[in-house]
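Shown next, in structure tokens, is the structure this report addresses.
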Amino acid sequence: MATTDEDGDGADEAFSPVVALDELEEAGRELASIDGTPLAIFHHEGEIRAVNNRCPHMGFPLVEGTVDDGILTCHWHHARFELSCGDTFDPWADDVQTYPVEIRDGTVYVNPKPTHELPPAEHWADRLETGLEENLRLVTAKSTIGLVDAGVDYQEPVATTLAFGTQYRDSGWGPGLTILGCMANLSGDIDLDDRKRALYTGVRHVADDCAGEPPSFDQPAFDTTEVTFDRLKSWFRDCIEVRDADGAERCLRTAVAAGYSNAEVAELVVAGATDHPYLTTGHVLDFANKAFESLEHTDWDHADTTLASLVEPLVTASRSDEQSSWRQPVDLISLLEDTYGGSVTETSGLEELAAAGDDRSWSPPADLQETLLGDDPEAIVDVLADAIRRGATPEHLAAEVAHAAATRVVQFGTANEFNDWNTVHHTFSYANAVHGFARRTDAIELYRGVFDGALSVYLDRFLNTPPAPIPAVGDNDTGREPDAVLDDLLETFDAEGEVDTAGRLVAEFFDCGGDAADLKRTLGHGLLREDAGFHTLQNVEAAFRQAELVESSSAPALADGGEGGDGGDGGDEFDPSREQRRRVPLIATARYMAAHFPTRREAEQTFTIAARLNRGETIHEA
């Protein structure tokens with residue numbers, strides 16, 4: 001950082017006297033302040049140097065540090081700085097601001113407002129990259145806060161982190177990038193300070209995932225872009241089938257380079273991700289959905305690298321048709337094979353069903369949810385096949401399965417083992433991903449995702465034994481102010497095991513006239529102040545998305561809304577069944593959060609320190 005002022009005319013007025021030269025030479029250092037800027041002035045090796053007195057790491061006074069051999073060392077965490085320019089030896093500490101000095105008539109003058117080498121947005125963007133590269137939590141916290149405060153569009157640091165995470169993790173897309181996508185999705189539902197927390201959460205998890213990992217080396221697209229889409233799709237599926245990562249990556253990159261649409265590329269990925277059911281307990285399709293959603297937040301120009309990171313999870317995935325739970329005591333795979341056309345990789349049977357449903361308008365039968373949540377897998381497969389035959393689209397059925405999966409979470413019995421929360425969650429996040437893809441492409445393979453998700457709902461049935469009751473609409477109208485209910489909900493997360501209380505409070509909030517936007521802000525804050533794990537972060541984001549989709553749905557009448565329906569959007573008339581469906585995912589995620597909170601809140605401590613430091617507050621004093 002420059003230590004001379006080059007402003008030319010008017011520069012003299014920028015300097016202020018701080019200390020007599022002879023006093024500084026005798027003492028070696030002096031503390032001064034000009035217009036609120038704290039300065040540490042040093043006489044070292046015959047030169048006068050001025051730096052900001054606040055160590056850029058955590059604010060300790062540098063005037064109390066040691067100067068030796070041109071190096072200023074802070075005495076709190078031993079951060080070292082080159083005294084003349086302020087550059088740090090330690091990336092976790094950041095550079096310290098230096099200031100131009102002049103000697104006039106035996107007095108040291110300092111300019112406390114020199115021209116910065118970089119504007120704040122560029123400075124914090126550089127620091128974000130350092131934080132990612134070095135996996136430095138305090139640096140990433142300060143940079144994400146600084147970027148938002150500098151007015152930088154949220155998409156820019158998301159894009160930077162997305163690019164870093166896909167390049168520097170040879171094992172491909174993982175939990176960190178999924179969390180980043182979840183946090184980007186939540187950003188519109190939470191307050192400004194929580195948007196900073198959300199960005200920090202995504203960034204730090206990507207940095208953690210990449211720490212110690214080898215970088216990814218790209219396989220190029222084919223030199224030709226004239227391969228037909230159907231052929232590329234066939235090649236891609238074949239490569240995934242035999243776990244050929246290099247070949248699959250070249251096919252995928254070629255599909256992007258050839259200019260195929262978002263929907264077509266999504267179809268290709270969905271085909272590979274559903275050729276075997278429920279890959280890696282549903283994570284692979286959820287990863288893929290988050291990759292596409294992340295590109296929607298950033299730029300499709302980076303689709304080749306972003307989507308290429310999905311190949312490794314695809315080719316290394318565990319396949320549920322190889323799991324005993326999908327084979328015994330009921331052979332669920334045989335049920336799927338019969339429906340798909342003789343194999344889990346087939347779609348001919350689904351194509352016949354869809355052809356029969358052309359030009360037909362489907363309304364869900366009144367007992368559809370009861371069937372999906374029942375204990376007869378043949379009935380589940382039959383009801384879905386019949387729905388396709390009657391004109392149900394993948395999006396229609398994906399919404400129904402997602403609701404059934406959310407119901408498994410909302411009715412999870414706390415007598416079960418704690419880790420089984422993850423079991424019902426996996427099904428819910430998978431069903432949400434199928435629903436997400438169904439809104440992006442009409443690929444026939446999406447029906448496979450619907451069936452796979454429905455049978456996972458079936459496998460989770462014992463975790464609703466006994467089922468936790470779902471609060472009915474209107475049963476918890478206490479007349480209280482909704483804000484008071486939200487206060488109680490946050491307090492609930494401060495105590496362990498308040499699962500049912502959290503669910504009841506969400507129901508009470510709605511019954512007392514609360515707005516869903518306020519609930520989301522409160523749940524978002526409750527989530528982001530905790531050291532929430534991967535699954536909890538996923539769960540809340542999926543719940544928000546499902547509740548939002550119910551609110552905006554123009555699909556046929558809801559399956560739990562009575563006999564048939566007219567297929568309309570319900571107008572402004574209050575519909576208890578639609579209201580209940582909107583509430584279920586939010587009650588479910590509140591219960592899930594309560595089961596996993598409170599935590600030690602270490603990340604919140606780091607975030608708070610970073611925010612205080614960026615505001616110029618003193619950390620080392622009580």
Side-chain angles (χ1 to χ4, degrees), residues 189 360-374 383-384 387 390-411 428 431-432 434-436 438-439 450 454 457 467-480 482 485-486 503-523 542-591:
D189 292 316
R360 300 186 68 179
S361 179
W362 178 76
S363 289
D367 61 351
L368 177 57
Q369 283 297 312
E370 181 181 350
T371 302
L372 293 176
L373 293 165
V383 76
L384 292 174
R390 293 175 180 272
T393 65
E395 184 175 357
H396 292 154
L397 296 183
E400 295 297 336
V401 173
H403 180 62
T407 302
R408 287 284 188 237
V409 181
V410 83
Q411 293 196 297
F428 178 49
N432 178 64
V434 175
H435 198 184
R439 301 175 67 246
V450 168
V457 170
I470 304 175
V473 174
D475 281 0
N476 289 277
D477 185 358
T478 61
R480 290 205 294 163
V485 181
L486 293 181
R504 179 189 57 77
L505 285 169
V506 172
E508 181 186 358
F509 171 79
F510 281 122
D511 284 347
C512 292
D515 188 286
D518 295 331
L519 175 64
K520 289 179 182 178
R521 279 192 292 270
T522 299
L523 290 174
F544 282 19
R545 177 58 58 92
Q546 286 302 309
E548 173 189 323
L549 289 174
V550 173
E551 289 182 355
S552 62
S553 174
S554 59
L558 301 176
D560 47 3
E563 296 291 337
D566 61 8
D569 61 10
D572 296 327
E573 185 177 346
F574 180 73
D575 181 348
S577 72
R578 184 177 290 272
E579 173 64 17
Q580 184 74 335
R581 179 173 284 218
R582 179 180 70 124
R583 293 183 183 190
V584 161
L586 298 174
I587 296 173
T589 204
R591 296 184 81 242

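Heads up: numbering here begins at 1 and tracks the sequence. Just so it is clear, the structure is predicted and the values come from calculations on it, not from any experiment.
Once rounded to the nearest 0.5 Å, the distance linking OG1 of Thr522 with CG of Asp189 reads 12.0 Å. Between the CG atom in Leu373 and the CD atom in Gln411 there is a gap of 7.0 Å [rounded to 0.5 Å]. Interatomic distance, Arg582 CZ to Leu549 CG, rounded to the nearest 0.5 Å: 13.0 Å. Going from atom OG1 of Thr407 over to atom CD of Gln580 covers 9.0 Å, rounded to the nearest 0.5 Å. In this structure, NE2 on His396 lies 7.5 Å from OG on Ser361, to the nearest 0.5 angstrom. Rounding to the nearest 0.5 Å gives a distance of 6.0 Å between CD of Glu395 and CZ of Arg439.
Proximity of Leu397 to Trp362: side-chain heavy atoms (C-beta onward) are separated by under 4.5 Å at one or more points. With contacts defined as side-chain heavy-atom distances shorter than 4.5 Å, the pair Asp367/Glu370 qualifies. Using a 4.5 Å cut-off on side-chain heavy atoms (C-beta onward), Val506 and Arg583 make no contact. Proximity of Pro364 to Leu368: side-chain heavy atoms (C-beta onward) are separated by under 4.5 Å at one or more points. Residues Glu551 and Arg578 fail the side-chain proximity criterion, which asks for heavy atoms closer than 4.5 Å. Residues Leu586 and Leu519 form a side-chain contact, since some pair of their non-hydrogen atoms from C-beta on lies under 4.5 Å apart. Looking at heavy atoms from C-beta onward, Leu523 lies in side-chain contact with Phe544 at the 4.5 angstrom threshold.
Listed by chain and number, the residues in a side chain to side chain donor-acceptor pair (under 3.5 Å) with Arg408 are Asn464 (sequence neighbours excluded). For the side chain to side chain contact (heavy atoms under 4.5 Å, CB included) test, residues two or more places apart in sequence or in another chain that qualify with Asp518 are Leu486, Phe509, Asp515, Arg521.
When atom types are taken as modelled, the side chain of Arg591 and the backbone of Gly503 share no donor-acceptor pair closer than 3.5 angstrom. Judged by distance alone, the side chain of Asp511 and the main-chain N or O of Gly474 form a donor-acceptor pair under 3.5 Å. With hydrogens and angles disregarded, no donor-acceptor distance shorter than 3.5 Å links the side chain of Arg581 to the backbone of Val550.
For Arg390, the CZ atom counts as loosely surrounded, since its 6.0 Å shell holds 12 or fewer non-hydrogen atoms of other residues, nucleotides or ligands.
The shortest heavy-atom contact between Val584 and Val410 is O-CG2, 3.9 Å. Across every non-hydrogen atom of Pro585 and Ala543, the tightest pair is O-CB, 3.3 Å. Closest approach of Pro394 and Val450 over heavy atoms only: O-CG2, 4.0 Å. A pairwise comparison of heavy atoms in Pro471 and Ala507 identifies CB-CB, 3.4 Å as the closest pair. Taking each heavy atom of Asn476 and Cys512 in turn, the nearest pair found is O-SG, 4.3 Å. Closest approach of Ala431 to Ala405, counting heavy atoms only: CB-CB, 4.1 Å.
Counting only N and O atoms by type, the side chains of Gln546 and His435 include a donor and acceptor under 3.5 Å apart.
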